[in-house]
Amino acid sequence: MDPNSTFDAIVFPADDRPPHVVPLMTSPISPPSVGQQLEPYRCGRLPHPEVYMDYIADQLGSWRYHLVEALDGMMNKFTTPYIFFYPVLSRDGMPFPVNKCIREIQGQMFDDARAWRGNLIVAKYHDTDYSAMIDASMADFPIIKNYLSTHLAPS
């Protein structure tokens, strides 16, 4: 595998642009590492969603992730789960802007205090063990939209 492999991911920009597919760069990380036990690193690759996060600080810990393994009411988990990457630390210490696209998706459920902020990057994994990333596509959009319509941002 190429040292800097890319996988298609979906970006939900915070501004007025529509969601679209982008190449999410990953770089290899050396096993074994305690950090590889966390889902984004089990596949031996470090994702770089910060490339698509406007105003993010240039330091470790500037973004976090949230796993999406099922929709409400599902009896089984997705065989190919999703991971949402979102910014938490801006360059200037100011809060990120509310994500307008997700605000529109949430409609009446929108809560400013628990709003998704900044650009949201959604990637997809091959299996529930998070052993490999795979390409996401706009065909995944309805599932992601369904999840976002009923879930506020992690606190």
Would you check if the side chain of Asn119 reaches a backbone N or O of Ala14 as a donor-acceptor pair within less than 3.5 Å? yes
Measure from the side-chain N and O atoms of Tyr52 to the backbone N and O of Pro23, and report whether any donor-acceptor pair falls under 3.5 Å. yes
Without hydrogens or angle criteria, can the side chains of Ser131 and Asp129 be said to hold a donor-acceptor pair below 3.5 Å? no
Testing the 3.5 Å rule here: is there a donor-acceptor pair between the side chains of His48 and Ser27? yes
Test of understanding: clusters of I, L, V, M, F, W, Y form through side-chain heavy atoms closer than 4.5 Å, transitively. Do [X] and [Y] belong to the same one?
| X | Y | answer |
| --- | --- | --- |
| Leu152 | Val98 | no |
| Val11 | Phe141 | no |
| Val51 | Ile10 | no |
| Val88 | Ile102 | yes |
| Ile143 | Val122 | yes |

The test is side chain to side chain contact (heavy atoms under 4.5 Å, CB included); show your working for Met25 and Phe7 and say whether it passes. CA-CA 7 Å; Met25 187 180 78; Phe7 298 92; over 6 Å; no
Kindly indicate whether a cation-pi arrangement holds for Arg91 with Tyr55, taking the cut-offs as under 6.0 Å to the six-membered ring centre and within 45° of the axis. no
Is [X] atom [atom1] crowded by more than 12 heavy atoms from other residues, nucleotides or ligands, each under 6.0 Å away?
| X | atom1 | value |
| --- | --- | --- |
| His20 | NE2 | yes |
| Arg17 | CZ | yes |
| Glu104 | CD | no |
| Met74 | CE | yes |

Tell me the closest heavy-atom pair linking [X] and [Y], and the distance in Å.
| X | Y | result |
| --- | --- | --- |
| Pro49 | Ile121 | O-CD1, 3.9 Å |
| Ala57 | Ser62 | O-OG, 3.0 Å |
| Val68 | Phe78 | O-CD1, 3.8 Å |
| Ala153 | Arg114 | O-NH2, 2.8 Å |
| Ile56 | Pro87 | CD1-CB, 4.1 Å |
| Thr26 | Pro47 | CG2-CA, 3.9 Å |

Check for me whether the distance between the ring centres of Phe12 and Trp116 falls short of 6.0 Å. no
Verify the ring-centre separation between Tyr86 and Trp63: is it less than 6.0 angstrom? no
Between Lys100 and Asp15, does any NZ, NE, NH1 or NH2 come within less than 4.0 Å of an OD or OE carboxylate oxygen? no
Asp135/Lys124 salt bridge by N-O under 4.0 Å criterion: no
How many angstroms lie between atom [atom1] of [X] and atom [atom2] of [Y], to the nearest 0.5 angstrom?
| X | Y | atom1 | atom2 | result |
| --- | --- | --- | --- | --- |
| Met109 | Gln106 | CE | CD | 6.0 Å |
| His151 | Leu71 | NE2 | CG | 8.0 Å |
| Ser149 | Ile144 | OG | CD1 | 12.0 Å |
| Leu46 | Ile29 | CG | CD1 | 6.0 Å |
| Cys43 | Ile134 | SG | CD1 | 11.5 Å |
| Phe96 | Leu89 | CZ | CG | 7.0 Å |

Going by the angle between their ring planes, with limits at 30° and 60°, are His66 and Tyr147 parallel, tilted or perpendicular? tilted
Show your reasoning for whether side chain to side chain contact (heavy atoms under 4.5 Å, CB included) applies to Leu120 and Leu148. CA-CA 11 Å; Leu120 179 71; Leu148 289 170; 4.0 Å; yes
Do [X] and [Y] come close enough that some side-chain heavy atom pair is under 4.5 Å?
| X | Y | answer |
| --- | --- | --- |
| Tyr130 | Leu67 | yes |
| Pro19 | Cys101 | yes |
| Thr80 | Tyr125 | no |

